[in-house]
Amino acid sequence: MTAALAVRGLAKRYGQGTVFAGVDLDVAPGEFVAIVGDSGVGKSTLLNCLAGLDDWDAGRIVHTDAQGRATDLGALDGDARARWRRRHVGFVFQAFHVLPHLDVAQNVALPLLLLGEAHDARVEALLAAVGLAGLGSRLPQTLSGGQLQRVAIARALAHRPALLLADEPTGNLDPGTAAQVMDLLVAQTRGHGAALVLVTHSGVAAARADRVLRLRTDGLTAGV
């Protein structure tokens with residue numbers, strides 16, 4: 001099976017310092033890979049590179065869609081990367097990045113609106129799935145941190161992306177809600193053949209993955 005995401009020899013540096021180098025990674029459609037590692041090793045930076053949000057200094061990142069079309073992210077300019085993300089990527093940011101002037105339902109619907117797709121029923125179903133039913137008209141500033149995290153997760157899933165990237169998606173959630181959110185992410189991966197790469201410090205979340213990889217300065221290694 002062709003990898004949905006193929007990374008070869010990826011390196012990121014800041015000045016004279018190396019964040020990571022020699023990162024190789026294949027993620028198949030429907031596969032859930034968890035990446036763990038010490039604080040400051042560059043896990044969030046790696047995820048940003050995989051989404052084309054950050055540049056890298058060496059290596060390749062190639063996404064292959066369900067029709068077999070391969071996209072080399074390094075060959076795209078900023079606008080082309082944004083269009084690619086809009087269609088193919090769902091990103092759960094650690095800092096939420098919800099838009100304060102939009103209500104909850106509008107935040108969740110944003111990926112669908114950008115694609116010109118119908119959204120009302122899908123948004124309602126996602127809000128119910130993440131435990132926010134009835135809160136669609138609320139503004140973000142009226143929600144708790146855990147609720148904002150669930151808004152961010154629902155938004156990332158709205159357009160059924162082929163590639164899901166999640167940065168500590170359960171970090172602000174109580175254990176019960178965290179389990180519910182992980183169920184939703186895994187269901188999206190299995191049910192729609194999405195490739196899921198999750199960065200986490202949570203051993204409970206990592207245990208749900210098909211594979212657990214540890215990021216070090218010299219690349220990814222198997223195991224926790």
Flag the pair Asp54 and Lys12 as a salt bridge only when some basic side-chain nitrogen lies within less than 4.0 angstrom of an acidic carboxylate oxygen.
-> yes
Without hydrogens or angle criteria, can the side chains of His159 and Glu117 be said to hold a donor-acceptor pair below 3.5 Å?
-> no
Strictly by modelled atom types, are Thr45 and Asn48 linked by a side-chain donor-acceptor pair under 3.5 Å?
-> no
Can you label the angle between the Trp84 ring and the His88 ring as parallel, tilted or perpendicular, going by 30° and 60°?
-> tilted
To the nearest 0.5 angstrom, please state how far the OG1 atom of Thr177 sits from the CG atom of Asp174.
-> 3.5 Å
Flag side-chain contact, heavy atom, 4.5 Å: Phe91 against Leu53 = yes
Presence of salt bridge, Lys43 and Asp38, under 4.0 angstrom | no
Should the heavy atoms of other residues, nucleotides or ligands under 6.0 Å from CD of Gln16 be counted, would the total exceed 12?
-> no
Taking everything shown except Arg13 itself, do over 12 heavy atoms lie less than 6.0 Å from its CZ?
-> yes
Considering residues, nucleotides and ligands other than Arg60, do more than 12 of their heavy atoms fall under 6.0 Å from its CZ?
-> no
Report, as yes or no, whether the 6.0 Å neighbourhood of atom CZ on Arg216 holds more than 12 heavy atoms from other residues, nucleotides or ligands.
-> no
Can Ser44 and Asp167 be counted as having a side-chain donor-acceptor contact under 3.5 angstrom?
-> yes
